[in-house]
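Okay, structure first, notes after.
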Amino acid sequence: MLRLPRLRYLRPPDARAASAAAAELGERAMLVAGGTDLFPKLKRRQMEPDTLVGLVHLRELREVRGDAAAGFELGALVTLSEAAAHPGLAGALPGYVQAAGLVSSPPLRNVGTIGGNLCVDTRCNYYDMTYEWRRSVGFCMKKDGDICLVAPGSPRCWAVSSSDTAPVAIALGATVVLAGPDGERELPVVELYRDDGIDYLTKRPHEVVTALRLPPAAGLRTAYVKLRRRGSIDFPIAGAAVALRLDGRAVRSARIVMSGVGSHPVEAPAAGAFLAGRELTPEIVAEAAELAAKPAKPLDNADLTHFWRKRMVRVVVEQALEKAAGSAQWSA
Ligand SMILES: Cc1cc2nc3c(=O)[nH]c(=O)nc-3n(C[C@H](O)[C@H](O)[C@H](O)COP(=O)(O)OP(=O)(O)OC[C@H]3O[C@@H](n4cnc5c(N)ncnc54)[C@H](O)[C@@H]3O)c2cc1C
Ligand code: SF4
(Lines give C-alpha, C1' and ligand atoms only; values in the text may rest on other atoms or scores of the structure.)
(Ligands and ions follow the chains in the order given, each with its own letter.)
Protein backbone atom coordinates (compact mmCIF):
# COMPACT_ATOMS: atom_id res chain seq x y z
CA MET A 1 0.00 0.00 0.00
CA LEU A 2 1.26 3.48 -0.83
CA ARG A 3 1.28 5.82 2.14
CA LEU A 4 1.19 9.58 2.41
CA PRO A 5 4.44 11.06 3.67
CA ARG A 6 4.41 12.87 7.00
CA LEU A 7 3.09 16.40 6.31
CA ARG A 8 2.21 19.54 8.20
CA TYR A 9 -1.36 20.71 7.41
CA LEU A 10 -2.30 24.38 7.81
CA ARG A 11 -5.87 25.74 8.09
CA PRO A 12 -5.59 29.46 7.29
CA PRO A 13 -8.60 31.70 8.06
CA ASP A 14 -9.11 32.93 4.49
CA ALA A 15 -7.78 32.74 0.93
CA ARG A 16 -5.39 35.67 1.35
CA ALA A 17 -3.88 34.13 4.46
CA ALA A 18 -3.60 30.82 2.59
CA SER A 19 -1.73 32.53 -0.20
CA ALA A 20 0.53 34.36 2.26
CA ALA A 21 1.39 31.09 4.02
CA ALA A 22 2.14 29.38 0.69
CA ALA A 23 4.24 32.35 -0.46
CA GLU A 24 6.28 32.35 2.74
CA LEU A 25 7.04 28.62 2.53
CA GLY A 26 7.75 28.65 -1.24
CA GLU A 27 8.49 25.20 -2.70
CA ARG A 28 8.05 23.54 0.71
CA ALA A 29 4.26 24.11 0.54
CA MET A 30 1.38 23.21 -1.76
CA LEU A 31 -2.24 24.34 -1.73
CA VAL A 32 -4.79 21.57 -1.41
CA ALA A 33 -8.56 21.58 -1.89
CA GLY A 34 -10.32 18.18 -2.21
CA GLY A 35 -6.97 16.40 -2.57
CA THR A 36 -8.35 13.94 -5.12
CA ASP A 37 -5.48 14.65 -7.51
CA LEU A 38 -2.82 15.76 -5.06
CA PHE A 39 -3.00 12.99 -2.44
CA PRO A 40 -2.36 10.09 -4.88
CA LYS A 41 0.55 12.10 -6.32
CA LEU A 42 2.02 12.69 -2.88
CA LYS A 43 1.79 8.96 -2.23
CA ARG A 44 3.72 8.35 -5.46
CA ARG A 45 6.26 11.06 -4.45
CA GLN A 46 5.53 13.06 -7.64
CA MET A 47 5.64 16.17 -5.45
CA GLU A 48 7.45 16.44 -2.13
CA PRO A 49 6.20 19.40 -0.09
CA ASP A 50 6.51 19.19 3.68
CA THR A 51 3.43 21.40 4.27
CA LEU A 52 -0.06 21.47 2.80
CA VAL A 53 -2.05 24.70 2.94
CA GLY A 54 -5.64 23.51 3.24
CA LEU A 55 -8.51 25.35 1.58
CA VAL A 56 -11.41 22.96 1.96
CA HIS A 57 -12.62 24.47 5.27
CA LEU A 58 -13.13 27.94 3.68
CA ARG A 59 -16.94 27.90 3.54
CA GLU A 60 -17.16 31.30 1.86
CA LEU A 61 -15.64 29.69 -1.27
CA ARG A 62 -18.42 27.09 -1.52
CA GLU A 63 -21.21 29.26 -2.90
CA VAL A 64 -22.77 29.51 -6.37
CA ARG A 65 -24.08 33.02 -7.06
CA GLY A 66 -25.86 34.63 -10.01
CA ASP A 67 -28.15 33.43 -12.76
CA ALA A 68 -28.30 32.90 -16.51
CA ALA A 69 -28.92 36.58 -17.24
CA ALA A 70 -26.20 38.01 -15.00
CA GLY A 71 -23.73 35.15 -15.27
CA PHE A 72 -22.68 32.76 -12.52
CA GLU A 73 -19.88 33.00 -9.98
CA LEU A 74 -18.83 29.64 -8.57
CA GLY A 75 -16.64 29.60 -5.46
CA ALA A 76 -13.50 27.56 -6.09
CA LEU A 77 -14.48 25.01 -3.43
CA VAL A 78 -17.83 24.15 -5.01
CA THR A 79 -17.54 20.42 -5.62
CA LEU A 80 -17.87 18.93 -9.07
CA SER A 81 -21.02 17.10 -7.88
CA GLU A 82 -22.57 20.37 -6.70
CA ALA A 83 -21.76 22.08 -10.01
CA ALA A 84 -23.07 19.11 -12.00
CA ALA A 85 -26.37 19.10 -10.06
CA HIS A 86 -27.00 22.85 -10.03
CA PRO A 87 -30.36 23.39 -11.77
CA GLY A 88 -29.68 27.01 -12.81
CA LEU A 89 -26.34 26.12 -14.33
CA ALA A 90 -27.74 23.05 -16.06
CA GLY A 91 -30.40 25.13 -17.78
CA ALA A 92 -28.09 27.99 -18.74
CA LEU A 93 -24.73 26.40 -19.51
CA PRO A 94 -25.26 22.66 -20.02
CA GLY A 95 -21.75 22.24 -21.47
CA TYR A 96 -20.15 23.22 -18.15
CA VAL A 97 -22.44 20.93 -16.20
CA GLN A 98 -21.76 18.04 -18.59
CA ALA A 99 -17.99 18.48 -18.14
CA ALA A 100 -18.20 18.66 -14.33
CA GLY A 101 -20.44 15.57 -14.31
CA LEU A 102 -18.01 13.58 -16.47
CA VAL A 103 -14.93 14.07 -14.27
CA SER A 104 -13.69 10.81 -12.78
CA SER A 105 -16.33 9.00 -10.68
CA PRO A 106 -19.10 10.00 -8.22
CA PRO A 107 -17.02 9.63 -5.01
CA LEU A 108 -14.24 11.80 -6.43
CA ARG A 109 -16.72 14.38 -7.74
CA ASN A 110 -18.23 14.59 -4.24
CA VAL A 111 -14.85 15.78 -2.93
CA GLY A 112 -13.01 17.21 -5.95
CA THR A 113 -13.53 20.93 -6.46
CA ILE A 114 -13.96 23.11 -9.51
CA GLY A 115 -10.88 25.17 -8.53
CA GLY A 116 -8.79 22.02 -8.17
CA ASN A 117 -10.06 20.87 -11.55
CA LEU A 118 -8.79 24.06 -13.21
CA CYS A 119 -5.37 23.64 -11.54
CA VAL A 120 -5.08 19.87 -11.93
CA ASP A 121 -1.59 18.62 -12.84
CA THR A 122 -0.73 17.57 -16.40
CA ARG A 123 -0.51 13.82 -16.98
CA CYS A 124 1.86 11.34 -18.60
CA ASN A 125 2.20 7.55 -18.57
CA TYR A 126 5.86 7.92 -17.54
CA TYR A 127 5.10 10.31 -14.69
CA ASP A 128 1.85 9.11 -13.08
CA MET A 129 3.62 6.10 -11.64
CA THR A 130 5.05 5.10 -8.28
CA TYR A 131 8.49 6.30 -7.23
CA GLU A 132 9.87 2.76 -7.66
CA TRP A 133 8.47 2.44 -11.20
CA ARG A 134 9.87 5.82 -12.21
CA ARG A 135 13.26 5.00 -10.72
CA SER A 136 13.38 1.66 -12.56
CA VAL A 137 12.89 3.26 -16.00
CA GLY A 138 15.04 6.32 -15.23
CA PHE A 139 13.37 9.50 -14.06
CA CYS A 140 12.12 12.14 -16.50
CA MET A 141 12.48 15.92 -16.42
CA LYS A 142 9.04 16.52 -14.85
CA LYS A 143 10.34 14.95 -11.62
CA ASP A 144 13.82 13.87 -10.57
CA GLY A 145 15.31 13.44 -14.09
CA ASP A 146 16.60 15.50 -16.98
CA ILE A 147 15.21 14.02 -20.20
CA CYS A 148 11.77 13.41 -21.66
CA LEU A 149 11.11 9.67 -21.94
CA VAL A 150 8.36 10.17 -24.55
CA ALA A 151 10.39 12.41 -26.83
CA PRO A 152 14.03 11.96 -25.72
CA GLY A 153 15.36 14.65 -28.07
CA SER A 154 12.87 17.23 -26.82
CA PRO A 155 13.95 20.09 -24.56
CA ARG A 156 10.46 20.29 -23.06
CA CYS A 157 7.87 18.15 -21.27
CA TRP A 158 4.75 17.09 -23.20
CA ALA A 159 2.58 15.98 -20.27
CA VAL A 160 -1.08 16.31 -21.15
CA SER A 161 -3.61 18.85 -19.87
CA SER A 162 -6.50 16.63 -18.76
CA SER A 163 -8.99 18.90 -17.02
CA ASP A 164 -12.52 18.35 -18.26
CA THR A 165 -13.91 21.70 -17.15
CA ALA A 166 -11.06 23.99 -18.30
CA PRO A 167 -11.88 23.70 -22.04
CA VAL A 168 -15.52 24.61 -21.38
CA ALA A 169 -14.54 27.57 -19.21
CA ILE A 170 -12.28 28.83 -22.02
CA ALA A 171 -14.93 28.30 -24.71
CA LEU A 172 -17.33 30.37 -22.57
CA GLY A 173 -14.82 33.20 -22.11
CA ALA A 174 -14.85 32.67 -18.33
CA THR A 175 -12.46 34.30 -15.87
CA VAL A 176 -10.92 33.21 -12.56
CA VAL A 177 -10.38 35.30 -9.46
CA LEU A 178 -6.93 34.82 -7.95
CA ALA A 179 -6.10 35.82 -4.37
CA GLY A 180 -2.54 36.69 -3.41
CA PRO A 181 -1.16 37.93 -0.09
CA ASP A 182 -1.77 41.56 -1.14
CA GLY A 183 -5.12 41.36 -2.93
CA GLU A 184 -7.08 39.87 -5.80
CA ARG A 185 -6.85 39.92 -9.56
CA GLU A 186 -9.08 38.54 -12.32
CA LEU A 187 -7.68 36.55 -15.23
CA PRO A 188 -9.33 35.04 -18.32
CA VAL A 189 -9.18 31.26 -17.95
CA VAL A 190 -7.52 31.04 -21.36
CA GLU A 191 -4.57 32.97 -19.87
CA LEU A 192 -4.27 30.63 -16.90
CA TYR A 193 -2.45 27.99 -18.98
CA ARG A 194 0.81 27.75 -20.85
CA ASP A 195 1.97 25.13 -23.32
CA ASP A 196 4.44 23.42 -21.01
CA GLY A 197 3.93 20.07 -19.31
CA ILE A 198 5.89 21.14 -16.22
CA ASP A 199 5.13 24.83 -15.75
CA TYR A 200 1.57 24.51 -17.03
CA LEU A 201 -0.07 27.34 -15.05
CA THR A 202 0.72 31.05 -15.50
CA LYS A 203 -0.50 32.00 -12.02
CA ARG A 204 2.08 32.25 -9.25
CA PRO A 205 2.24 28.99 -7.24
CA HIS A 206 0.99 30.66 -4.06
CA GLU A 207 -2.02 32.38 -5.71
CA VAL A 208 -5.33 30.82 -4.69
CA VAL A 209 -8.13 30.45 -7.21
CA THR A 210 -11.13 31.75 -5.26
CA ALA A 211 -13.84 31.81 -7.94
CA LEU A 212 -14.78 31.01 -11.51
CA ARG A 213 -16.90 33.63 -13.27
CA LEU A 214 -19.05 32.32 -16.12
CA PRO A 215 -20.53 35.00 -18.40
CA PRO A 216 -24.26 35.52 -19.11
CA ALA A 217 -25.67 32.60 -21.03
CA ALA A 218 -28.07 34.52 -23.28
CA GLY A 219 -28.07 32.98 -26.75
CA LEU A 220 -25.21 30.58 -25.98
CA ARG A 221 -25.44 26.91 -26.83
CA THR A 222 -22.83 24.80 -25.11
CA ALA A 223 -21.75 21.18 -24.99
CA TYR A 224 -18.86 18.98 -23.86
CA VAL A 225 -18.09 15.54 -25.24
CA LYS A 226 -15.46 13.32 -23.61
CA LEU A 227 -13.75 10.19 -24.89
CA ARG A 228 -12.24 7.79 -22.36
CA ARG A 229 -11.61 4.06 -22.20
CA ARG A 230 -14.25 3.31 -19.53
CA GLY A 231 -17.55 5.00 -18.81
CA SER A 232 -16.27 6.30 -15.46
CA ILE A 233 -13.07 7.17 -13.55
CA ASP A 234 -10.84 7.73 -16.56
CA PHE A 235 -9.35 11.06 -17.58
CA PRO A 236 -10.22 12.30 -21.09
CA ILE A 237 -8.09 10.94 -23.92
CA ALA A 238 -9.83 13.50 -26.10
CA GLY A 239 -12.53 15.98 -25.20
CA ALA A 240 -14.25 18.82 -27.02
CA ALA A 241 -16.00 21.86 -25.58
CA VAL A 242 -18.16 24.00 -27.83
CA ALA A 243 -19.86 27.38 -27.29
CA LEU A 244 -22.03 28.49 -30.18
CA ARG A 245 -24.14 31.53 -30.99
CA LEU A 246 -26.64 31.03 -33.78
CA ASP A 247 -28.57 33.43 -35.99
CA GLY A 248 -31.44 31.25 -37.10
CA ARG A 249 -29.67 28.30 -38.66
CA ALA A 250 -26.42 30.15 -39.31
CA VAL A 251 -23.53 30.30 -36.87
CA ARG A 252 -22.80 33.80 -35.56
CA SER A 253 -19.75 32.70 -33.53
CA ALA A 254 -18.20 29.44 -32.39
CA ARG A 255 -15.44 28.54 -29.94
CA ILE A 256 -14.06 25.03 -29.84
CA VAL A 257 -11.54 24.01 -27.16
CA MET A 258 -10.11 20.52 -26.69
CA SER A 259 -8.83 18.56 -23.70
CA GLY A 260 -6.34 15.71 -23.61
CA VAL A 261 -4.52 16.74 -26.80
CA GLY A 262 -1.70 19.02 -25.60
CA SER A 263 -0.04 20.43 -22.50
CA HIS A 264 -2.76 23.08 -22.27
CA PRO A 265 -6.42 23.18 -23.33
CA VAL A 266 -6.09 23.59 -27.09
CA GLU A 267 -8.37 26.03 -28.91
CA ALA A 268 -9.23 25.60 -32.59
CA PRO A 269 -9.66 29.18 -33.87
CA ALA A 270 -9.54 28.18 -37.55
CA ALA A 271 -12.54 25.89 -37.07
CA GLY A 272 -14.42 28.65 -35.21
CA ALA A 273 -13.70 31.17 -37.99
CA PHE A 274 -14.73 28.66 -40.66
CA LEU A 275 -18.10 28.10 -38.98
CA ALA A 276 -18.97 31.80 -38.66
CA GLY A 277 -21.75 32.72 -41.10
CA ARG A 278 -22.29 29.11 -42.22
CA GLU A 279 -25.30 26.89 -41.64
CA LEU A 280 -24.60 23.84 -39.51
CA THR A 281 -25.13 21.06 -42.01
CA PRO A 282 -23.49 17.67 -41.38
CA GLU A 283 -20.96 18.45 -44.15
CA ILE A 284 -19.98 21.80 -42.60
CA VAL A 285 -19.68 20.22 -39.17
CA ALA A 286 -17.41 17.49 -40.58
CA GLU A 287 -15.21 20.11 -42.27
CA ALA A 288 -15.01 22.19 -39.07
CA ALA A 289 -14.08 19.07 -37.07
CA GLU A 290 -11.30 18.31 -39.56
CA LEU A 291 -9.92 21.84 -39.07
CA ALA A 292 -10.27 21.58 -35.28
CA ALA A 293 -8.25 18.36 -35.17
CA LYS A 294 -5.22 20.02 -36.81
CA PRO A 295 -3.79 21.78 -33.72
CA ALA A 296 -4.38 18.63 -31.60
CA LYS A 297 -1.06 16.82 -31.10
CA PRO A 298 -1.56 13.71 -28.99
CA LEU A 299 1.73 11.93 -28.13
CA ASP A 300 2.39 8.39 -27.02
CA ASN A 301 2.04 9.24 -23.31
CA ALA A 302 -1.66 8.66 -22.56
CA ASP A 303 -4.16 5.82 -22.80
CA LEU A 304 -4.60 4.07 -26.20
CA THR A 305 -2.52 4.87 -29.28
CA HIS A 306 -1.86 8.45 -30.25
CA PHE A 307 -2.75 7.72 -33.91
CA TRP A 308 -6.23 6.59 -32.88
CA ARG A 309 -6.62 9.48 -30.44
CA LYS A 310 -5.74 11.96 -33.19
CA ARG A 311 -8.42 10.40 -35.42
CA MET A 312 -10.97 10.49 -32.60
CA VAL A 313 -10.49 14.22 -31.99
CA ARG A 314 -12.53 14.86 -35.15
CA VAL A 315 -15.28 12.61 -33.86
CA VAL A 316 -15.59 14.28 -30.44
CA VAL A 317 -15.60 17.75 -32.05
CA GLU A 318 -18.35 16.68 -34.46
CA GLN A 319 -20.39 15.24 -31.62
CA ALA A 320 -19.92 18.35 -29.46
CA LEU A 321 -21.01 20.65 -32.31
CA GLU A 322 -24.04 18.48 -32.94
CA LYS A 323 -24.92 18.38 -29.23
CA ALA A 324 -24.51 22.16 -28.81
CA ALA A 325 -26.62 22.94 -31.87
CA GLY A 326 -29.34 20.63 -30.55
CA SER A 327 -31.41 18.08 -32.35
CA ALA A 328 -33.87 20.75 -33.58
CA GLN A 329 -31.11 22.22 -35.68
CA TRP A 330 -30.51 18.93 -37.42
CA SER A 331 -34.08 18.12 -38.18
CA ALA A 332 -34.94 21.66 -39.37
C1 LIG B 1 -8.72 8.00 -10.39
C2 LIG B 1 -8.83 9.46 -10.75
C3 LIG B 1 -9.54 9.84 -11.87
C4 LIG B 1 -9.64 11.19 -12.23
N5 LIG B 1 -10.34 11.51 -13.36
C6 LIG B 1 -10.40 12.80 -13.74
C7 LIG B 1 -11.09 13.16 -14.93
O8 LIG B 1 -11.68 12.32 -15.60
N9 LIG B 1 -11.10 14.46 -15.31
C10 LIG B 1 -10.48 15.43 -14.58
O11 LIG B 1 -10.54 16.60 -14.99
N12 LIG B 1 -9.84 15.12 -13.43
C13 LIG B 1 -9.79 13.85 -12.99
N14 LIG B 1 -9.13 13.51 -11.83
C15 LIG B 1 -8.40 14.55 -11.08
C16 LIG B 1 -9.17 15.21 -9.94
O17 LIG B 1 -9.99 14.29 -9.25
C18 LIG B 1 -10.03 16.38 -10.43
O19 LIG B 1 -9.32 17.14 -11.38
C20 LIG B 1 -10.50 17.27 -9.28
O21 LIG B 1 -11.36 18.27 -9.78
C22 LIG B 1 -9.35 17.97 -8.56
O23 LIG B 1 -9.92 18.80 -7.57
P24 LIG B 1 -9.41 18.74 -6.06
O25 LIG B 1 -10.16 19.76 -5.30
O26 LIG B 1 -9.44 17.36 -5.53
O27 LIG B 1 -7.88 19.21 -6.29
P28 LIG B 1 -6.62 18.89 -5.38
O29 LIG B 1 -6.20 17.48 -5.56
O30 LIG B 1 -6.81 19.40 -4.02
O31 LIG B 1 -5.55 19.85 -6.11
C32 LIG B 1 -5.16 19.66 -7.45
C33 LIG B 1 -4.12 20.73 -7.80
O34 LIG B 1 -4.74 22.00 -7.82
C35 LIG B 1 -4.18 22.88 -6.84
N36 LIG B 1 -5.32 23.59 -6.26
C37 LIG B 1 -6.47 23.04 -5.78
N38 LIG B 1 -7.35 23.98 -5.48
C39 LIG B 1 -6.75 25.17 -5.74
C40 LIG B 1 -7.17 26.52 -5.61
N41 LIG B 1 -8.39 26.85 -5.17
N42 LIG B 1 -6.29 27.50 -5.97
C43 LIG B 1 -5.05 27.19 -6.43
N44 LIG B 1 -4.62 25.92 -6.59
C45 LIG B 1 -5.46 24.93 -6.23
C46 LIG B 1 -3.42 21.98 -5.88
O47 LIG B 1 -2.31 22.67 -5.32
C48 LIG B 1 -2.98 20.86 -6.79
O49 LIG B 1 -1.84 21.24 -7.50
C50 LIG B 1 -9.02 12.17 -11.42
C51 LIG B 1 -8.30 11.79 -10.29
C52 LIG B 1 -8.20 10.45 -9.94
C53 LIG B 1 -7.45 10.07 -8.71
S1 SF4 C 1 6.19 14.17 -21.38
FE2 SF4 C 1 8.33 13.56 -21.04
S3 SF4 C 1 9.13 14.95 -19.46
FE4 SF4 C 1 6.90 15.12 -19.48
S5 SF4 C 1 6.18 13.73 -17.90
FE6 SF4 C 1 6.17 12.59 -19.82
S7 SF4 C 1 8.17 11.60 -19.98
FE8 SF4 C 1 8.29 13.16 -18.40
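None of these values were measured; they are calculated from a predicted model. Just so it is clear, the values below take in all heavy atoms, side chains as well, and ignore hydrogens, waters and symmetry mates. For reference, positions follow the sequence shown, starting with 1.
No donor-acceptor pair closer than 3.5 Å links the side chain of Asn117 to the backbone N or O of Thr113. With Tyr193 contributing its side chain and Leu118 its backbone, the two residues share a donor-acceptor pair below 3.5 Å. Side-chain atoms of Arg8 do not come within 3.5 Å of backbone N or O of Asp50 as any donor-acceptor pair. Side-chain atoms of Arg311 do not come within 3.5 Å of backbone N or O of His306 as any donor-acceptor pair.
At least one side-chain heavy atom of Leu212 sits under 4.5 Å from a side-chain heavy atom of Val189. At a threshold of 4.5 Å between non-hydrogen side-chain atoms, the residues Tyr224 and Val97 do not count as touching. Using a 4.5 Å heavy-atom threshold, the side chains of Leu220 and Leu172 count as touching. Residues Glu322 and Pro282 are not in side-chain contact: their nearest non-hydrogen atoms beyond the backbone lie 4.5 Å or more apart. Within the 4.5 Å cutoff, the side chain of Leu80 has heavy atoms near those of the Thr165 side chain. Residues Leu280 and Leu246 meet the side-chain proximity criterion, which asks for heavy atoms closer than 4.5 Å. Residues Leu227 and Pro236 fail the side-chain proximity criterion, which asks for heavy atoms closer than 4.5 Å. A 4.5 Å side-chain heavy-atom check between Leu108 and Val103 finds every atom pair outside the cut-off.
With hydrogens and angles left out, the side-chain atoms of Asp196 and Ser263 include no donor and acceptor closer than 3.5 Å. Side chains of Lys142 and Thr122: a donor on one and an acceptor on the other come within 3.5 Å. Side-chain polar atoms of Tyr126 and Asn301 form no donor-acceptor pair below 3.5 angstrom.
Considering all non-hydrogen atoms of both residues, Asp121 and Met47 come closest at OD2-CE, 3.3 Å. Minimum interatomic distance between Arg45 and Pro5 (heavy atoms only, all atoms of both residues): NH1-CD, 3.4 Å. Nearest approach of Gly277 to Ala250, heavy atoms of both residues: O-CB, 4.2 Å. The shortest heavy-atom contact between Leu244 and Ala325 is CD1-N, 3.9 Å. Closest of all the heavy-atom pairs between Leu31 and Ala18 is CD2-O, 4.3 Å. Ser232 and Pro106 make their closest contact through OG-CD, 4.3 Å (heavy atoms, listed as atom of the first residue, atom of the second, distance).
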*Please lay out, stage by stage, how Asp14 and Glu60 fare under the test side chain to side chain contact (heavy atoms under 4.5 Å, CB included).*
CA-CA 9 Å; Asp14 55 38; Glu60 66 276 17; 4.1 Å; yes
*Take Lys143 and Arg134 through the side chain to side chain contact (heavy atoms under 4.5 Å, CB included) test and state the conclusion after the steps.*
CA-CA 9 Å; Lys143 180 75 175 105; Arg134 288 184 289 116; 3.4 Å; yes
_Test side chain to side chain contact (heavy atoms under 4.5 Å, CB included) on Arg255 and Glu267; report intermediate values, then the result._
CA-CA 8 Å; Arg255 276 187 95 170; Glu267 184 156 8; 2.8 Å; yes
*Does the pair Asp144 and Arg135 meet the rule for a salt bridge (Lys or Arg N to Asp or Glu O under 4.0 Å), with working shown?*
CA-CA 9 Å; Asp144 297 324; Arg135 187 178 55 187; over 6 Å; no
*asked:* Walk me through whether Val261 and Val160 qualify under side chain to side chain contact (heavy atoms under 4.5 Å, CB included).
replied: CA-CA 7 Å; Val261 297; Val160 183; over 6 Å; no
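With salt bridges taken as basic N to acidic carboxylate O contacts below 4.0 Å, one links Glu82 and Arg62. The pair Arg229-Asp234 does not count as a salt bridge, with every side-chain nitrogen at least 4.0 angstrom from each carboxylate oxygen. Looking at Glu207 and Arg204, a side-chain N of the basic residue comes within less than 4.0 Å of a carboxylate O on the acidic one, giving a salt bridge. Taking 4.0 Å as the cut-off between side-chain N and carboxylate O, Asp303 and Arg228 do not count as a salt-bridged pair. Using a cutoff of 4.0 Å between basic side-chain nitrogens and carboxylate oxygens, Arg278 and Glu287 are not scored as salt-bridged. Looking at Arg194 and Asp199, a side-chain N of the basic residue comes within less than 4.0 Å of a carboxylate O on the acidic one, giving a salt bridge.
Cluster annotation: Leu25 and Leu42 are assigned to distinct hydrophobic clusters (Ile/Leu/Val/Met/Phe/Trp/Tyr, side-chain heavy-atom contacts under 4.5 Å, transitive). Neither Ile233 nor Phe39 shares a network with the other; the hydrophobic side chains, linked directly or stepwise wherever heavy atoms of I, L, V, M, F, W or Y lie under 4.5 Å apart, form separate groups for each. By the criterion of side-chain heavy atoms lying less than 4.5 angstrom apart, applied directly or through intervening Ile, Leu, Val, Met, Phe, Trp or Tyr residues, Leu321 is grouped together with Val266 in one hydrophobic cluster. Taking hydrophobic clusters as Ile, Leu, Val, Met, Phe, Trp and Tyr residues chained together by side-chain heavy-atom distances below 4.5 Å, Ile237 does not share a cluster with Val313. Follow the hydrophobic side-chain contacts under 4.5 Å out from Val56 and you never reach Leu61; the two are in separate clusters.
One distance of note links CG of Leu58 with CZ of Arg11; it measures 8.5 Å at 0.5 Å rounding. Atoms CD and NZ, on Gln98 and Lys323 in that order, are 4.0 Å from each other to the nearest 0.5 Å. To the nearest 0.5 Å, the span separating CG on Leu52 from OH on Tyr9 amounts to 7.5 Å. With rounding to the nearest 0.5 angstrom, the OG atom of Ser104 is 7.0 Å from the CZ atom of Arg109. Here the CH2 atom belonging to Trp158 is positioned 8.5 Å from the SG atom belonging to Cys148, to the nearest 0.5 angstrom. With rounding to the nearest 0.5 angstrom, the CD1 atom of Ile147 is 12.0 Å from the SG atom of Cys157.
None of Thr210, Val209, Ile114 except one satisfies the side chain to side chain contact (heavy atoms under 4.5 Å, CB included) rule with Val176; the exception is Val209. Only one option out of Glu73, Glu186, Glu191 pairs with Thr175 in a side chain to side chain donor-acceptor pair (under 3.5 Å); it is Glu186.
Remark: Glu132 CD is packed, more than 12 non-hydrogen atoms of other residues, nucleotides or ligands lying under 6.0 Å away. Counting non-hydrogen atoms of other residues, nucleotides and ligands closer than 6.0 Å to CZ of Arg156 gives a total above 12.
Using cut-offs of 30° and 60° on the angle between ring planes, the pair Tyr131 and Phe139 is tilted.
Because its NZ or CZ atom is both nearer than 6.0 Å to the ring centre of Phe235 and within 45° of the ring axis, Arg123 counts as a cation-pi partner of that residue.
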